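Here the structure is a predicted model, which means the values were calculated and not measured.
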Amino acid sequence: QVQLVESGGGLVQAGGSLRLSCAASGSTVSGRALSTYAVGWFRQAPGKEREFVATITWNADAAYYANSVKGRFTISRDNNKNTVSLQMNSLKPEDTAIYYCAAAVVGSVRADVLYDYWGQGTQVTVSS
């Protein structure tokens with residue numbers, strides 16, 4: 001059973017920074033190691049659909065971002081520690097949402113339906 005646990009959320013003023021972490025553990029249905037899965041971050045604001053934020057390939061050779069966060073957020077991973085981080089700088093009130101990490105065996109994709117495992121989420125609130 002795979003577990004993804006997010007941490008690092010909180011309340012921050014506009015212009016501030018937060019660093020989210022996603023810790024992965026467990027055995028996958030596919031039998032492949034979690035370190036071979038791409039990992040993505042998604043977010044869902046109240047009353048809105050879940051949206052893609054960023055994703056990173058299994059070996060960290062590529063990362064992709066939503067236009068709304070490009071240049072402000074950076075995704076990274078440490079496969080030795082089975083963790084993926086999302087550094088969020090220059091935060092805006094519109095970044096307020098629950099942030100979820102997810103793992104996908106198919107690779108770094110933007111579609112949430114293609115992700116196999118999900119965490120429970122961590123709340124990020126940006127005040128103006």
Side-chain angles (χ1 to χ4, degrees):
Q1 187 77 6
V2 171
Q3 275 197 319
L4 300 178
V5 180
E6 303 94 337
S7 61
L11 174 63
V12 64
Q13 287 189 332
S17 298
L18 282 175
R19 186 177 181 87
L20 305 184
S21 291
C22 174
S25 63
S27 302
T28 65
V29 173
S30 70
R32 290 173 53 175
L34 277 170
S35 59
T36 67
Y37 280 59
V39 174
W41 284 95
F42 293 80
R43 66 187 182 186
Q44 187 166 21
K48 295 188 177 181
E49 292 188 355
R50 185 165 57 192
E51 65 174 358
F52 166 77
V53 175
T55 183
I56 189 167
T57 55
W58 72 273
N59 60 355
D61 67 345
Y64 307 95
Y65 299 89
N67 288 336
S68 59
V69 307
K70 199 173 294 183
R72 299 188 298 123
F73 290 11
T74 302
I75 189 171
S76 61
R77 70 188 295 164
D78 183 342
N79 283 342
N80 290 325
K81 297 180 179 179
N82 270 354
T83 59
V84 175
S85 297
L86 184 69
Q87 178 67 41
M88 306 187 296
N89 298 329
S90 303
L91 283 162
K92 305 175 181 180
E94 51 263 44
D95 294 319
T96 295
I98 299 175
Y99 283 70
Y100 301 88
C101 68
V105 69
V106 298
S108 283
V109 293
R110 295 173 183 250
D112 57 358
V113 295
L114 296 178
Y115 282 76
D116 305 285
Y117 303 104
W118 290 84
Q120 294 299 307
T122 185
Q123 176 71 48
V124 171
T125 303
V126 184
S127 63
S128 57

message: For S21 and K81: C-alpha separation, side-chain torsions, deciding distance, then whether side-chain contact (heavy atoms from CB on, under 4.5 Å) applies.
response: CA-CA 11 Å; S21 291; K81 297 180 179 179; over 6 Å; no
Side chains of N82 and S35 in contact at under 4.5 Å (non-hydrogen atoms): yes
task: Check the hydrophobic clustering (I, L, V, M, F, W, Y; side-chain heavy atoms under 4.5 Å; chains of links allowed) and say if L4 and F52 are grouped together.
output: yes
statement: Between Q87 and S17 the two heavy atoms that sit nearest each other are NE2-CB, 4.0 Å
Hydrophobic cluster membership, F42 vs V109, 4.5 Å side-chain cutoff: yes
- request: Over all heavy atoms of both residues, which pair between A24 and L34 is shortest? Give the atoms and the distance, please.
  value: CB-CD1, 3.8 Å
- request: Using the rule that two of Ile, Leu, Val, Met, Phe, Trp, Tyr join whenever any of their side-chain heavy atoms come within less than 4.5 Å, decide whether L18 and I56 are in one cluster.
  value: yes
- prompt: Judged by atom type as modelled, is there a donor-acceptor pair below 3.5 Å linking the side chain of R77 to the main-chain atoms of T57?
  reply: yes
message: Main chain of V39, side chain of T55: is a donor-acceptor contact present, judged purely on distance under 3.5 Å?
response: yes
message: Pair E6, W41 - check side-chain contact (heavy atoms from CB on, under 4.5 Å), show working.
response: CA-CA 10 Å; E6 303 94 337; W41 284 95; 3.9 Å; yes
- prompt: Does a side-chain heavy-atom distance below 4.5 Å link V84 with Y37?
  reply: no
For V53 against F73, the heavy-atom pair lying closest together: CG1-CD2, 3.7 Å
- request: Could you check whether the rings of W118 and Y100 sit parallel, tilted or perpendicular, using 30° and 60° as the cut-offs?
  value: perpendicular
field: Same apolar cluster: Y115 and V69, side chain cutoff 4.5 Å
entry: no
message: With heavy-atom distances below 4.5 Å as the criterion, would you say the side chains of I75 and Y65 are in contact?
response: yes
field: Hydrophobic cluster membership, V2 vs L114, 4.5 Å side-chain cutoff
entry: yes
- request: May I ask you to establish whether R32 and W58 are in a cation-pi arrangement, using a distance under 6.0 Å from NZ or CZ to the six-membered ring centre and at most 45° from the ring axis?
  value: no
query: Is a side-chain N or O of T96 found less than 3.5 angstrom from the main chain of V126, in a donor-acceptor match?
result: yes
E51 versus R43, closest heavy-atom pair with distance: OE2-NE, 2.5 Å
message: Please give me the minimum heavy-atom distance between G9 and V124, naming the atom from each residue.
response: CA-CG2, 4.1 Å
message: Using only atom types and a distance under 3.5 Å, with no angle test, would you say the side chain of R72 pairs donor to acceptor with the backbone of S90?
response: yes
task: Would you confirm whether D116, through its side chain, and V105, through its main-chain N or O, come within 3.5 Å as a donor-acceptor pair?
output: yes
query: Would a distance-only check, ignoring hydrogens and angles, find a side-chain to backbone donor-acceptor pair under 3.5 Å from T28 to A33?
result: no
